[in-house]
Q: 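After the structure tokens below, expect a handful of questions from me.
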Amino acid sequence: EVQLVESGGGLVQAGGSLRLSCAASGFTFDDYTIGWFRQAPGKEREGVSFVSNTDGSTYYEDSVKGRFTISSDNAKNTVYLQMNSLKPEDTAVYYCAADPDTSAEIMDVMEPVLDYWGKGTLVTVSS
């Protein structure tokens, strides 16, 4: 059974940090691009950051560049999103997604057809 299980969300003050984890199982982790979408209240889901486990390439949405860092631990089948300098506008449910046929650069565009999704973890940034 394929599973993507997110953890690490919570409530943090503006300027603070959180680290999200996406634990993957049931598929060949090394063959997949994995990363994070988020959906804020009343807004569409958007791509945040992705990492390709095949070539190590990464993608960051413009608003998180320099603040968020994505990493992949192939020994633990887990992808992390270190989020620093958090802002109230980062408040959202963060979803992990994985796909074997999509590069990090176009995961956002391919959202409707990605293979696997987690259930999400809520990040709330207070001002």
Side-chain angles (χ1 to χ4, degrees):
E1 177 188 8
V2 171
Q3 283 192 314
L4 294 173
V5 180
E6 303 98 333
S7 61
L11 174 64
V12 64
Q13 289 189 333
S17 298
L18 285 173
R19 188 178 78 157
L20 304 184
S21 299
C22 173
S25 61
F27 60 90
T28 306
F29 186 83
D30 292 358
D31 292 343
Y32 277 67
T33 296
I34 302 176
W36 299 90
F37 290 81
R38 68 185 178 186
Q39 188 166 21
K43 295 188 177 181
E44 292 187 353
R45 191 158 56 186
E46 65 174 355
V48 177
S49 183
F50 308 100
V51 58
S52 167
N53 285 325
T54 57
D55 65 11
S57 60
T58 58
Y59 164 88
Y60 295 95
E61 193 268 330
D62 284 346
S63 70
V64 308
K65 286 180 180 177
R67 301 189 297 123
F68 292 9
T69 303
I70 194 167
S71 61
S72 183
D73 186 334
N74 292 45
K76 295 183 178 180
N77 283 8
T78 300
V79 170
Y80 302 98
L81 186 68
Q82 179 66 44
M83 306 187 296
N84 298 329
S85 302
L86 282 162
K87 304 176 181 180
E89 51 263 44
D90 295 317
T91 295
V93 177
Y94 284 70
Y95 298 91
C96 183
D99 195 87
D101 300 317
T102 303
S103 67
E105 291 75 20
I106 64 170
M107 280 282 281
D108 191 14
V109 175
M110 300 300 288
E111 177 198 351
V113 296
L114 298 179
D115 272 10
Y116 304 128
W117 289 86
K119 294 182 179 180
T121 185
L122 177 63
V123 172
T124 303
V125 184
S126 64
S127 57

Q: If you compare all heavy atoms of S85 against all heavy atoms of D90, which two are closest, and at what distance to 0.1 Å?
A: O-OD2, 4.4 Å
Q: Side-chain heavy atoms under 4.5 angstrom apart, residues restricted to Ile, Leu, Val, Met, Phe, Trp, Tyr: same cluster for V79 and W117?
A: no
Q: Is R38 salt-bridged to E46, cutoff N-O under 4.0 Å?
A: yes
Q: Within the side chain of Y80, is there an N or O that forms a donor-acceptor pair under 3.5 Å with the backbone of T69?
A: no
Q: Would you give the length of the straight line joining atom CD1 of I34 to atom CG of L114, rounded to the nearest 0.5 angstrom?
A: 11.5 Å
Q: Going by an N to O cut-off under 4.0 Å, is there a salt bridge joining K65 and D62?
A: yes
Q: When S21 is tested against each of D73, T78, V5 for side chain to side chain contact (heavy atoms under 4.5 Å, CB included), which residue passes?
A: T78
Q: Can you name the nearest heavy-atom pair linking L81 to S49, along with the distance?
A: CD1-CB, 3.9 Å
Q: Going from OG on S72 to CG on N77, what distance comes out if it is rounded to the nearest 0.5 angstrom?
A: 8.0 Å
Q: Roughly how far apart are T102 OG1 and E111 CD, rounded to 0.5 Å?
A: 12.0 Å
Q: How many angstroms lie between atom CG of D31 and atom CG of N53, to the nearest 0.5 angstrom?
A: 8.5 Å
Q: Could you tell me which non-hydrogen atom of W36 sits nearest to which non-hydrogen atom of C22, and how far apart they are?
A: CZ2-CB, 3.6 Å
Q: Which is it for E6 and Y94 under the side-chain contact (heavy atoms from CB on, under 4.5 Å) test, yes or no, and what are the steps along the way?
A: CA-CA 8 Å; E6 303 98 333; Y94 284 70; over 6 Å; no
Q: Report the residues that fulfil side chain to side chain contact (heavy atoms under 4.5 Å, CB included) with V2, sequence neighbours left out, ordered by chain and then residue number.
A: F27, Y116
Q: Looking only at non-hydrogen atoms, find the nearest pair between D30 and T54 and report the distance.
A: O-CG2, 3.5 Å
Q: Is V64 reachable from V12 through a run of I, L, V, M, F, W or Y residues, each pair having side-chain heavy atoms under 4.5 Å apart?
A: yes
Q: Calculate, to the nearest 0.5 Å, the distance between atoms OG and OH belonging to S52 and Y32 respectively.
A: 12.5 Å
Q: Using only atom types and a distance under 3.5 Å, with no angle test, would you say the side chain of E61 pairs donor to acceptor with the backbone of S63?
A: yes
Q: Distance-only, no hydrogens or angles: does the S57 side chain make a donor-acceptor pair with backbone N or O of A104 under 3.5 Å?
A: no
Q: Do V51 and F37 share a hydrophobic cluster, counting only Ile, Leu, Val, Met, Phe, Trp and Tyr and linking them when any side-chain heavy atoms are less than 4.5 Å apart?
A: no
Q: Not counting sequence neighbours, which residues clear side chain to side chain contact (heavy atoms under 4.5 Å, CB included) with S17? List them please.
A: Q82, N84
Q: Give a yes or no on whether V48 and L4 share a hydrophobic cluster (residues Ile, Leu, Val, Met, Phe, Trp, Tyr; joining criterion: side-chain heavy atoms under 4.5 Å apart).
A: yes
Q: Would you kindly confirm whether Y60 and M110 end up in one hydrophobic cluster when ILVMFWY residues are joined by side chain heavy atoms under 4.5 Å apart?
A: no
Q: Can you name the closest pair of heavy atoms from G35 and I70 and give their distance?
A: CA-CD1, 4.1 Å
Q: Could you work out, with ring pair (Phe, Tyr, Trp, His ring centres under 6.0 Å) as the rule, every residue matching Y59, not counting sequence neighbours?
A: F50
Q: Which pair of non-hydrogen atoms, one from G118 and one from Y95, has the smallest distance, and what is that distance?
A: O-CD2, 3.7 Å
Q: Main chain of V125, side chain of T91: is a donor-acceptor contact present, judged purely on distance under 3.5 Å?
A: yes
Q: Could you measure the distance from the CG atom of D115 to the CG atom of D99? Nearest 0.5 Å is fine.
A: 4.5 Å
